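Since we're looking at a predicted model, the values are computed, not measured. Heavy atoms only: backbone and side chains are in, while hydrogens, waters and symmetry mates are out. In this chain, numbering begins with 1 at the start of the sequence shown.
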Amino acid sequence: MADVKVAALVASVKNAPGLHYKNPRFPLNVKLPDNLECGSKIYIHGCAAAEPNRFAINLKNAETDANNYFHFNPRFDEGCVVRNSRLDEAWGDEEREGDMPFAPGQPFLITIIPTVDCYEVEVNGSPFIKYGHREGMPLCDVTHIAMWGDVTIYGIHVPLRSLPIPLALRIPKHTFYGDMLILTGTVAGGADRFHVNFQCGAGEDADIMYHFNPRFPDNQLVCNNRCADTWGEEQTIDGLPVAPGDRVVVCIVAAKEGFIPFLNGNPLPTFPHRLDVCGACSIVVDGDISLESVTVDCPPVRLPAQIPDIDIDAFDDKTVQALRATTPVTMTLPAGFGPGKGVHVSGKVHDSPSRFEINLQCGESDSDIAIHFNPRFEPVHELVMNSRNGGNWEEELREENPIAPGSEVDIYILCLEDSYVCVVDGDVVANFPHRFDSGRVTHVNVDGSITVYRMLGM
């Protein structure tokens with residue numbers, strides 16, 4: 001059984017106000033919402049590859065042709081972590097002291113803490129190194145974070161008390177089908193309007209693939225696009241489920257059929273694609289809104305390194321997904337389920353949960369269940385797993401429940417040759433042996449004390 005320490009550390013970070021990138025595509029190169037300052041933190045939750053060579057984290061002062069203020073470079077081939085800086089294309093002296101805190105195939109949480117004198121780095125909650133600022137490279141000039149290498153990144157989290165308005169964010173490697181943007185904030189009292197744009201560049205003259213624009217005096221949502229400085233025909237929706245002064249959660253899904261907006265959980269009409277969705281490389285938010293948190297949530301394209309038998313090269317037509325679904329929800333899985341296949345469920349556990357369940361089952365309802373994954377919070381905090389065959393429940397297996405009430409959680413159930421491996425927030429928490437042919441599985445069902453953000457069948 002894997003140590004669940006990393007998942008426990010990550011749980012509170014994922015819920016903190018600020019900027020969150022989930023499953024960011026690689027290589028990564030994104031702009032921070034504000035320049036770094038003392039006391040700010042960057043959390044990087046990931047897992048080293050099963051057979052890694054090296055990976056790197058770079059704090060820079062531009063997206064391209066940039067100075068590298070802090071280069072953090074675990075090298076498994078050399079058994080050390082190299083730290084350095086590059087100014088005007090010239091590398092400084094390397095620092096290599098300290099043990100290697102990363103292991104192949106194991107999850108990690110890296111915390112970077114800028115101070116007046118240095119960058120402090122923690123690994124899995126323990127102090128690792130301090131790296132002094134190099135001459136001519138002040139902390140306040142850092143604007144971007146970049147990553148590459150033999151690693152799966154589950155999330156990058158930058159806690160902030162508030163986010164600036166206007167806000168311009170880079171979408172890692174542009175927009176793809178299945179991407180979700182979630183904004184949490186408050187509409188200003190006496191607000192006129194605000195907007196959220198998916199656009200091809202952060203400039204005011206950039207083409208806009210999707211313009212989401214609540215207008216409060218008119219009690220309307222206006223959606224549109226802009227190409228070559230020309231606006232398209234407006235799509236208007238009468239009646240807003242929020243008003244000035246209200247807290248608001250905006251979710252926008254880049255689905256195959258178009259952009260699907262949700263406002264405070266209410267699904268609104270789809271805006272069909274008028275321009276190539278992959279052209280959207282920036283998200284711009286402006287207007288009468290204050291932002292607490294922004295999450296850019298991409299479909300996973302790499303699975304946990306602890307499961308080397310399964311891989312996803314890209315999100316494509318071989319996968320199916322349900323987005324922002326209301327429980328209970330049942331989804332048909334791609335044909336030919338069995339070894340090399342799996343499901344991914346992400347969502348938020350209720351603040352006062354009883355239990356929830358994920359079932360890989362052999363029909364849409366009242367069917368046999370190959371694995372019943374059932375975290376329980378009362379009366380006992382435990383994870384119960386079972387199967388149902390021929391209409392009869394079989395012997396229960398019980399483990400420690402690694403999931404906290406109120407937490408955002410990512411769960412994989414992956415089918416291997418002889419078992420199902422259950423992964424929670426990057427940690428393997430259980431192996432459940434096959435009790436009948438996994439090829440009988442046709443559906444995944446989720447029910448109980450969880451709000452589902454995404455269900456993905458691979």
[X] bridged to [Y] by N-O distance under 4.0 Å:
X      : Y      : value
Asp34  : Lys31  : no
Arg398 : Glu396 : yes
Arg355 : Glu378 : no
Lys14  : Asp410 : yes
Glu63  : Arg170 : yes

Parallel, tilted or perpendicular: rings of [Y] and [X] (30°, 60°):
X      : Y      : result
Phe108 : Phe55  : parallel
Tyr420 : Phe337 : parallel
Phe128 : Phe72  : perpendicular
His381 : Phe377 : perpendicular

Assess, by modelled atom type and distance only, whether the side chains of [X] and [Y] contain a donor and an acceptor separated by less than 3.5 Å.
X      : Y      : answer
Ser387 : Glu394 : yes
His443 : Thr330 : no
His211 : Asn224 : no
Gln220 : Asp238 : yes
Asn264 : Arg247 : no
Ser346 : Arg454 : no
Arg376 : Asn374 : yes

Side chain to side chain donor-acceptor pair (under 3.5 Å) partners for Asn58, two or more places apart: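 Applying side chain to side chain donor-acceptor pair (under 3.5 Å) to Asn58 gives Asn68, His71.
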Distance flag, aromatic centroids of His273 and Phe259, threshold under 6.0 Å: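 Between His273 and Phe259, which both carry aromatic rings, the centre distance is below 6.0 Å.
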Ring centroid separation His45 to His157 under 6.0 Å: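 Aromatic pair excluded; centres sit 6.0 Å or further apart.
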For Phe216 against Pro244, the heavy-atom pair lying closest together: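 In terms of heavy atoms, the two residues are closest at CD2-CD, 3.8 Å.
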Contact check, side chains of Asn386 and Leu397, non-hydrogen atoms, under 4.5 Å: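 Sidechains of Leu397 and Asn386: no contact.
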Contact check, side chains of Thr295 and Leu181, non-hydrogen atoms, under 4.5 Å: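 Contact flag for Thr295/Leu181 side chains = no.
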Of Tyr154, Tyr412, Tyr453, the residue whose pairing with His344 passes ring-ring contact (aromatic ring centres under 6.0 Å, His included):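 Exactly one option meets the ring-ring contact (aromatic ring centres under 6.0 Å, His included) with His344, and it is Tyr412.
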Working for salt bridge (charged side-chain N to carboxylate O under 4.0 Å, His left out), residues Arg435 and Asp368: CA-CA 11 Å; Arg435 293 178 172 175; Asp368 287 345; over 6 Å; no
Residues forming a ring pair (Phe, Tyr, Trp, His ring centres under 6.0 Å) with His144, sequence neighbours excluded: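 Expected list: none.
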Residues forming a side chain to side chain contact (heavy atoms under 4.5 Å, CB included) with Ala168, sequence neighbours excluded: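 For Ala168, the residues satisfying side chain to side chain contact (heavy atoms under 4.5 Å, CB included) (neighbours in sequence not counted) are Ala202, Val284.
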Audit row: Arg215, Asp192, salt bridge (charged side-chain N to carboxylate O under 4.0 Å, His left out) steps and yes/no: CA-CA 6 Å; Arg215 300 180 182 178; Asp192 179 55; over 6 Å; no
